[in-house]
Amino acid sequence: MCLGIPGKITETFEENGLKMGKVDFGGVVKTVCLDYIPDCKVGDYTVVHVGFGISKLNEEEAMETLSYLKQIGAVDDELGGEDVD
Amino acid sequence: MKYIDEYRDADLIKKQVQKIHEITTQKWAIMEVCGGQTHTIVKTGIDELLPEKITLIHGPGCPVCVTPLEMIDKALAIASRPDVIFTSFGDMLRVPGSEKDLFSVKADGGNVRIVYSPLDAVKLAQKNPDKKVVFFAVGFETTAPANAMAVWQAKKLGLKNFSILVSHVLVPPAMEAVLDSPFNIVQGFIAAGHVCAVMGYGEYEPMAEKYKVPMVVTGFEPLDLLQGIYMLIRQLEEGRYEVENQYTRAVTREGNIPAKETIFKVFDIGDRSWRGIGVVPNSGYRLKEEFAGHDAEKVFTDISSINSKESELCISGLILQGVKKPHECPAFGKECTPMTPLGATMVSSEGACAAYYNYGRYRTSTG
Ligand code: SF4
């Protein structure tokens, strides 16, 4: 139950006074409670645990982490790849 | 799939591994707290790519594994009642109680249903006013927002036939219990990203300071874990003990404020017993008094006499504390397999024993 996974919000609506939505996990679509991420909108990505969005994924931060990771690669490439001694 | 594939890039993984090798000069023992991370690490073989000097210790962070036997037996007693619809997350069904599991209660005619969200259990209570609907509220801080909301909604909707059997545990007290143990060898923590997505990581800072132990809040994909390990080893090598955040795309220092508000409207912090470990002070949630009508332990008072004893063969308590590895258990892969689990760490796919079994790690011990 702890394997929270990211999915894309494709629809939002209200039910029993709660913000709800449809979230697409690479083809599998589930109804998810979005009440804890009230500012989310269609197109955003969220980490979902047991039917609740617990965090809206931050695109800028994601880009930054990735560019950091890629940079490690780039520096190595510039230095001519792996050592062969 | 966005936010997944890019964190599994084989080339970047290789480079990040190399980086870790470059900075590691001393022996270090670090613990990944969360069972979801253990799963990724063992599945992708990250532990085998790391320098030999780094020992990864698998932590207690699998809620299925730490739910006390007594709670399972209580769940079984409630689920066997003819007036009850018992609801649970799927991964609790095969967890062995003293004599049987929820699956066998279901096979014997018990009304046991798997739900995806606790709100589905609330809906079942709305639809079945003549039945008592009970939800098995198990988990760490990651499931607490969902379970709290289910109770909050049931109260708001005036549902008298909905209750939860609470077995909620908290990660930071478990980390402190690990650090306080006389056997402890853990020098740094890969902190559980999704627990921090809910709770933030402010409360880790005094712990890092008190025990002089660095922590890195880390995500769940292979590259997240490798970057988290890199940041942690760098702190250790430099003699720092800070709380750093690798998982910035999902975690902020303050966490999810609306979720925390609902949790604390519904729950109080209290002592909890952990399977295989025992009672840890202030390590879990209990329903507040005003929600007593939704507390299964108060609705079904006859279960209070249930008092169970753990199997003597199973050493999952030592495994959860990182003192032993699964293949060091004499029953591992013999009496105990995922099809015939003796302990909860073999049942849950997030459990260390099951991860070792499923990804073939037992061969190292059995030749
Ligand atoms: S292998 Fe089985 S018996 Fe041994 S510790 Fe793991 S769950 Fe318990």
Side-chain angles (χ1 to χ4, degrees), chain A residues 1-8 15-20 23-28 30-40 43-77 79 81-83, chain B residues 1-4 6-7 9 11-12 15-16 18-19 34-36 39 61-64 89-92 115-120 122 138-140 142-143 145-147 149 153 156-157 192-195 197-198 219-220 223-224 227 246-252 255-256 258-259 262 348-350:
Chain A
M1 78 196 64
C2 253
L3 302 174
I5 33 178
K8 185 179 185 176
E15 191 177 270
N16 284 332
L18 296 180
K19 179 167 183 173
M20 304 289 290
V23 176
D24 182 346
F25 303 97
V28 182
K30 290 268 187 194
T31 301
V32 166
C33 179
L34 301 173
D35 214 60
Y36 290 133
I37 43 170
D39 62 341
C40 71
D44 286 342
Y45 281 75
T46 171
V47 174
V48 175
H49 266 275
V50 295
F52 281 70
I54 54 162
S55 169
K56 196 176 95 177
L57 288 165
N58 183 322
E59 175 102 45
E60 273 164 45
E61 291 288 351
M63 295 306 288
E64 204 162 299
T65 304
L66 277 176
S67 73
Y68 163 81
L69 288 165
K70 287 193 178 134
Q71 216 181 321
I72 298 176
V75 172
D76 283 359
D77 288 344
L79 296 174
E82 293 174 27
D83 277 346
Chain B
M1 177 87 190
K2 191 171 165 181
Y3 291 115
I4 296 184
E6 43 301 23
Y7 299 93
D9 183 298
D11 208 38
L12 293 182
K15 300 246 157 81
Q16 190 67 30
Q18 194 186 328
K19 273 283 184 219
C34 166
H39 187 93
C62 160
V64 181
F89 298 129
D91 38 9
M92 294 309 292
V115 290
Y116 168 63
S117 158
L119 287 182
D120 296 336
V122 175
V138 173
F140 284 107
T142 44
T143 58
N147 295 342
M149 184 65 91
Q153 279 295 100
K156 205 170 80 185
L157 298 169
H194 290 155
V195 168
V198 176
F220 293 78
L223 269 175
D224 288 322
Q227 193 189 0
Q246 178 276 331
Y247 200 30
T248 51
R249 66 185 182 278
V251 176
T252 58
N256 185 322
T262 302
S348 163
S349 63
E350 294 155 46

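Order of the sequence lines fixes the chain letters, A, B, ..., with proteins taken first and strands second; residue numbering starts at 1 for each chain.
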Student: What closest approach, in Å, do B:Thr142 and A:Ile54 show between heavy atoms, and which atom pair accounts for it?
Tutor: O-CG2, 4.4 Å
Student: Hey, what do you get for CG (A:Leu18) to CD (B:Gln153), rounding to the nearest 0.5 Å?
Tutor: 4.0 Å
Student: Answer yes or no: is there a donor N or O on one side and an acceptor on the other, between the side chain of A:Ser55 and the main chain of B:Ala250, under 3.5 Å?
Tutor: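 Yes.
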Student: Compare every heavy atom of B:Pro145 with every heavy atom of A:Tyr36, then report the nearest pair and how far apart it is.
Tutor: OH-O, 2.7 Å
Student: Drop me the distance from A:Met20's CE to B:Leu119's CG, to the nearest 0.5 angstrom.
Tutor: 5.5 Å
Student: A:Thr46 versus chain B, heavy atoms under 4.5 Å apart: side chain, backbone, both or neither?
Tutor: neither
Student: For each of B:Ser117, B:Ala146, B:Gly193, B:Pro258, tally heavy-atom pairs with chain A at distances under 4.5 Å, and name the one with the top tally.
Tutor: B:Ala146
Student: If you count heavy-atom pairs under 4.5 Å between each of B:Val251, B:Val198, B:Thr262, B:Val115 and chain A, which one has the most?
Tutor: B:Thr262
Student: Please flag which part of A:Lys30 lies under 4.5 Å from any non-hydrogen atom of chain B: side chain, backbone, both or neither.
Tutor: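 The answer is the side chain of A:Lys30.
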Student: Mind checking whether A:Phe52 and B:Asn147 have side chains closer than 4.5 Å, heavy atoms only?
Tutor: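 A:Phe52 vs B:Asn147: side chains apart.
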Student: Testing the basics here: between A:Asn58 and B:Thr248, what is the closest heavy-atom pair and its distance to 0.1 Å?
Tutor: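 Taking every non-hydrogen atom into account, CB-O, 4.4 Å.
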Student: Under the criterion side chain to side chain contact (heavy atoms under 4.5 Å, CB included), I'd like the reasoning laid out for A:Val47 against B:Phe220: C-alpha separation, chi angles, the key distance, then a yes or no.
Tutor: CA-CA 11 Å; A:Val47 174; B:Phe220 293 78; over 6 Å; no
Student: What part of A:Glu59 gets within 4.5 angstrom of chain B, counting heavy atoms only: side chain, backbone, both, or neither?
Tutor: both
Student: Using every non-hydrogen atom in the two residues, find where A:Asp35 and B:Met149 come nearest and quote the distance to one decimal.
Tutor: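 Heavy atoms only, the tightest pair is OD2-CE, 3.7 Å.
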Student: When rounded to the nearest 0.5 angstrom, what is the spacing between NZ in A:Lys56 and CG in B:Asn256?
Tutor: 11.5 Å
Student: Using modelled atom types and a 3.5 Å cut-off, is there a donor and acceptor pairing between side-chain atoms of B:Tyr116 and backbone atoms of A:Val50?
Tutor: no
